[in-house]
Amino acid sequence: MTDLYLASQSPRRRELLGQLGVQFEPLALSVPEERGAEEPPAQYVERLALEKARAGLARLGKLRLPAAPVLGSDTIGVCLGKVLEKPLGRDHALTMWRLMSGREHQVMTAVAVCSPEREAVCRVTTTVWFRALDEREMEAYWASGEPRDKAGGYGIQGLGGVWVDRIEGSYSAVVGLPMAQTAELLNQFQVPWWGHPAGVPKGERP
Ligand SMILES: Cc1cn([C@H]2C[C@H](O)[C@@H](COP(=O)(O)OP(=O)(O)OP(=O)(O)O)O2)c(=O)[nH]c1=O
């Protein structure tokens, strides 16, 4: 019996949730990521997080797995009003990076938790400043393979970190799961993590 299901294929989300000390089971799902023509980025990222969590809950029912809350999450970038998702290929990645070069962009990550009784969602926005990038670096970065499965085509936690001048907000949210806000959601659903109030026997609390 698990405390939580993680509706995500992202190895980063698995690792960050593991750092919270949550007992969880991953659920393999694929939810189409398509933004409505006029859909604002903040609404889009929250909708996707919720759709992933809801799809996970539906899957539990179908597979007759024991009930537990399901967590879904989504990350996008926004630069000069353009939404930045995973690159479709080399040219798309280069177009995104030329836009982001030498200026700031926002990374939005939404986290949703759904149980049969209720659902909750939160969104964290972090500003990331990129230094000026040159074409040779962009080509070398694409060749590394790292950009392919990441929003905006970069990983702050990897080779892409060298492009980041500074950030304001949550580092873990940029990597894919804001730890502070996720712990808050887990508390709302009584899911134990290492600092959960019920996780430490009363007499031993500081
Ligand atoms: C900006 C940035 C994004 N990312 C990642 C986080 C997300 O995993 C990914 C954005 O894609 P998402 O669609 O949010 O997630 P995903 O497809 O990887 O996983 P799933 O939908 O199954 O949960 O980009 C980094 O790892 N580092 C970064 O610096």
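Since the structure is predicted, the reported quantities are computational estimates derived from the model, not experimental observations. Just follow the structure's listing: the first ligand is 1, and inside any ligand the first atom is 1.
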Any side-chain donor near an acceptor of the partner, Arg13 and Thr109, under 3.5 Å: no
Protein heavy atom at shortest distance from atom 13 (O) of ligand 1: Glu33 OE2, 3.0 Å
Rounded at 0.5 Å granularity, tell me how far CG in Leu71 sits from OG in Ser8. 8.5 Å
In ligand 1, the atoms that come under 4.0 Å of a heavy atom of Asp149 are 9 (C), 24 (O)
Give a yes/no verdict on whether any heavy atom in Gly152 is under 4.0 Å from an atom of ligand 1. no
For atom 6 (C) of ligand 1, what's the nearest protein heavy atom and its distance? Val175 O, 3.4 Å
Please work out whether any backbone atom (N, CA, C, O) or any side-chain heavy atom from C-beta onward of Arg12 is under 4.0 Å from ligand 1, and answer side chain, backbone, both or neither. side chain
How about CD on Gln19, more than 12 heavy atoms from neighbouring residues, nucleotides or ligands closer than 6.0 Å, or not? yes
Under 4.0 Å, heavy atoms only, figure out whether ligand 1 is touched by the backbone of Leu48, its side chain, both or neither. neither
Are any non-hydrogen side-chain atoms of Glu85 and Met96 less than 4.5 angstrom apart? no
Ligand 1 to Ile156 polar contact by distance, N or O atoms, under 3.5 Å: yes
Hey, is Lys52 touching ligand 1 through its side chain, its backbone, both or neither, going by heavy atoms under 4.0 Å? side chain
Is the shortest heavy-atom distance from the side chain of Leu16 to the side chain of Met179 under 4.5 Å? yes
Answer yes or no: does atom CD of Glu15 have more than 12 heavy-atom neighbours from other residues, nucleotides or ligands under 6.0 Å? no
re atom 24 (O) of ligand 1, the protein heavy-atom contact at minimum distance is Ala151 N, 3.1 Å
Joint cluster assignment, Ile156 & Leu133, ILVMFWY side-chain distance < 4.5 Å: yes
Can you see whether Phe24 has Arg14 sitting over its ring - NZ or CZ less than 6.0 Å from the centre and within 45° of the normal? no
Students should be able to answer this: which protein heavy-atom is nearest to atom 2 (C) of ligand 1, and at what distance? Val174 O, 3.1 Å
Looking at Glu85, Gln9, Arg13, the heavy atom closest to atom 7 (C) of ligand 1 belongs to Arg13
For the residue pair Tyr141 and Trp97, does the interplanar ring angle fall in the parallel (under 30°), tilted (30 to 60°) or perpendicular (over 60°) class? tilted
Nearest-neighbour protein heavy atom for atom 14 (O) of ligand 1, which is reported as residue plus atom name and distance: Thr75 N, 2.8 Å
Can you figure out which of Glu146, Met108, Lys86 has its heavy atom closest to atom 17 (O) of ligand 1? Lys86
I need the atoms of ligand 1 closer than 4.0 Å to a non-hydrogen atom of Ser10, numbered in the order shown. 8 (O), 18 (O), 19 (O), 22 (O)
Give me the nearest non-hydrogen protein atom to atom 27 (N) of ligand 1 as residue plus atom name, then the distance to 0.1 Å. Gln157 OE1, 2.9 Å
